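Proteins get letters first, then strands, A, B, ... in listed order; numbering begins at 1 in each. All heavy atoms count here, side chains included; hydrogens, waters and symmetry mates do not. Quantities reported herein were computed from a predicted structural model and do not represent experimental measurements.
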Protein chains: 2
Amino acid sequence: MRNTAVRLDKVPEPPGCSVLGNAPLSDPPAEGVRVRRPTLHAVAARAGVSKSSVSRVINGEPTVAPEIRQIVMAAVTELGYVPNGAARNLVTQKTNTIAIIVSDPPAGLVSDDPMFAMVVRAASRELEAAGKQVALVLAGSDESRRRVEQYLAAGHVDGAMLVSMDGSDPLPAVLARTGLPVVSHGRLATPGLMPYVDNDNLGGATKAVQHLLDQGRQRIATISGPLDMQAAQERLNAYRQALKDTGRRSIVALGDFTRISGAEAMRQLLDDDPQLDAVFAANDLMAIGALRTLREAGRRVPEDVAVVGFDDIEAALYTAPPLTTVRSPMGEQAARTVRLLLELLANGSADSVILPTEIVIRESA
Amino acid sequence: MRNTAVRLDKVPEPPGCSVLGNAPLSDPPAEGVRVRRPTLHAVAARAGVSKSSVSRVINGEPTVAPEIRQIVMAAVTELGYVPNGAARNLVTQKTNTIAIIVSDPPAGLVSDDPMFAMVVRAASRELEAAGKQVALVLAGSDESRRRVEQYLAAGHVDGAMLVSMDGSDPLPAVLARTGLPVVSHGRLATPGLMPYVDNDNLGGATKAVQHLLDQGRQRIATISGPLDMQAAQERLNAYRQALKDTGRRSIVALGDFTRISGAEAMRQLLDDDPQLDAVFAANDLMAIGALRTLREAGRRVPEDVAVVGFDDIEAALYTAPPLTTVRSPMGEQAARTVRLLLELLANGSADSVILPTEIVIRESA
DNA sequence: CTGAAAGCGCTTACAG
DNA sequence: CTGAAAGCGCTTACAG
């Protein structure tokens, strides 16, 4: 039985917890008092030079006499000066920050997809390496889309990278019309709105089905992703085309890229065609769900039914049996993908990039 | 064989891709020309009132005559005016944004941990619901820690939520001395630096071991997480204490919370004590790794060896057999956890919160 | 209830 | 190479 009544214990903390054994840069703030940080003006006064000179030193301009630079640096260190970001942004008209905008459906369907984490993490790393800050924006509802537009229009960021999971999403058009540089992680349903980087989904799915065909599998089914997602569409199309080329008929069940949907779709597939001997799941998460259903139904994998996934997430190595799948370069090489995207953003380029996929053969097929 | 030579196809995009069928709010920007957005001044001129009045309307102040409000709103809509964020931040001395700071080791050990995604996602949602923006900051290296400190000192955010995975991390102390309000997702090694919310790791791990004991298991091993992480420490301590209470000896292997480390630790455990009949893995990811090793070694679960995990991530439902585990409220109720954290942040409270855990019994033990 | 003025903390031509 | 001045786009006392 699951215990739903939840205790919540308050653990009082000893009062007056100040920094323990860490020498602060400047005077430690008095309890509860929000200290006003030193300004450029204060540094200039301390150093006995003009604000202009301090500014130049701070920004590393070469046209500063060494002696001035030195005295300014001393004052900066002494006062613990850090330039105010808002003031800088205001005058320079740039923010040095890029938004990562994730189209996050309220239903949270893709919530456990490791792809999300990989992309966000890789983007953060690359952006940080490039000296940029990242604003993370989740945009699910109409309301939040409006907020995103306002946010961009307010000049909070210099550009944005869209991670859209839903092809029918109006977000791309909203972003495109802000006039800011925008790129997309994954191809969009509406072409031409912005450049993108994407997997070669068509090629990858074709390889998956071909592998099954090469094994002599006769009745090859597929579990598709949600059809409002571009990647799902392409993978399904490739499956259909490959079967058609060999005169076979398609056996399709619909999932939504989650494990549970894969399990359910597999159940339906088994009902529809008890004779099927292979399944191509449009992502690994659904393949994992399908494996569970097959296990429960007493079908052996790969003897009775072969299973191929797509993405090659880490979990694919730990299924029983280990999963044969298509390696997605956007997952496997998330850093590289993001770097490409940031290049597109910087260049203002309109050229998109498609990354080649490869099949990874393990034991499930 | 893995194909390492990677093609990369350039897909040229048709030139001149403008917004398709979406009526922009204002005039569409000319190709390549970065339009200067209208300012408060422009709105005031258009409406024939003072800037003060426009500002009041924009900020929803009640002391504005209805007619003025109306005419201002008309001008705002007509010009597509959105207040400049930097200017606002500068004058109000607040940013309306909260930083989520993730202590992200360069090694990327925890890279695939679904906990990361859950926390970040939940935090983003709650923050957005509260009308706040979120700055995502990854802090792994010394260098990046310095950058974080600068970033906070620059006044870019009003507060920060730390998601630290590493107890020996100097980051918390760095954050604490900025003087900004900070809270921690998870207890820190150094107490008193900031309030936190955490799982009842001790209680949870005790329940896990007790369950194994209740089953009459005799030789109960554990796979610990990295000991510089607070949660790993606590779970290991609970295991030790529970065994000690029954006069049993501890059998410990060290992992780092990843699947692969769980698989390796299990191998070592099997070497060390081939007779063991139960394993408590300090998280589900390592339990998944352990299951693979046990399968490869021909041990049946749970007949030969019982396995219990910790966290109850979604994948725990899909292992073979399904994993008995301890439900972590920080994962299961990520939204609530984050809400608590944000309350702490807002209140400036120094009270921490510990959330109770419960065991979820499935088939692996 | 409204407006003129000061000022938030910077950067950047412009003289010198 | 340096400094005085203007100005980025807002908000906020302060008079009226």
Side-chain angles (χ1 to χ4, degrees), chain A residues 34-73 75-76 79-97 150-158, chain B residues 34-73 75-76 79-97 150-158:
Chain A
R34 196 58 163 286
V35 189
R36 181 170 232 98
R37 299 203 62 97
T39 66
L40 193 75
H41 183 82
V43 176
R46 188 81 192 76
V49 300
S50 72
K51 298 196 297 175
S52 310
S53 288
V54 176
S55 179
R56 291 192 191 101
V57 171
I58 293 292
N59 291 297
E61 279 180 34
T63 64
V64 185
E67 16 187 347
I68 294 231
R69 180 181 310 276
Q70 188 150 345
I71 194 166
V72 167
M73 287 309 287
V76 164
L79 299 179
Y81 172 71
V82 177
N84 177 290
R88 270 191 160 165
N89 292 350
L90 177 58
V91 64
T92 60
Q93 302 279 40
K94 59 193 297 290
T95 61
N96 217 20
T97 113
Q150 293 269 319
Y151 181 71
L152 297 203
H156 284 291
V157 300
D158 298 333
Chain B
R34 195 60 163 285
V35 189
R36 181 171 231 98
R37 300 204 63 96
T39 67
L40 192 75
H41 182 82
V43 177
R46 188 82 191 76
V49 299
S50 72
K51 298 196 298 174
S52 311
S53 289
V54 177
S55 178
R56 292 191 190 101
V57 170
I58 294 292
N59 291 298
E61 280 181 34
T63 63
V64 185
E67 17 187 348
I68 293 232
R69 180 180 309 278
Q70 190 149 345
I71 193 168
V72 167
M73 287 309 287
V76 165
L79 301 179
Y81 172 70
V82 176
N84 177 291
R88 270 190 160 165
N89 292 350
L90 178 57
V91 64
T92 60
Q93 302 279 39
K94 58 193 296 291
T95 61
N96 217 19
T97 114
Q150 294 267 321
Y151 182 70
L152 296 203
H156 284 290
V157 299
D158 299 333

Per-nucleotide protein contact string for nucleotides 4-11 of chain C (B base, S sugar-phosphate only, - none; heavy atom under 4.0 Å): BB-BBBBB
A/K51 and A/T39, any side-chain heavy atoms less than 4.5 Å apart: no
Neighbour count above 12 (heavy atom, 6.0 Å) for A/R46 CZ: no
Nucleotide paired to D/dT2 in any strand shown, Watson-Crick or G-U, under 3.5 Å: C/dA15
Whole-Å distance separating the CD atom of A/Q70 from the C1' atom of D/dC1: 17 Å
Distance in angstrom units between B/I71 CD1 and C/dC1 P, rounded: 18 Å
Side chain proximity check, A/R37 to A/N84, heavy atoms < 4.5 angstrom: no
Side-chain donor/acceptor of A/R69 to backbone N/O of A/R56, under 3.5 Å: no
Donor-acceptor contact present, side-chain A/T95 to main-chain A/N89, <3.5 Å: no
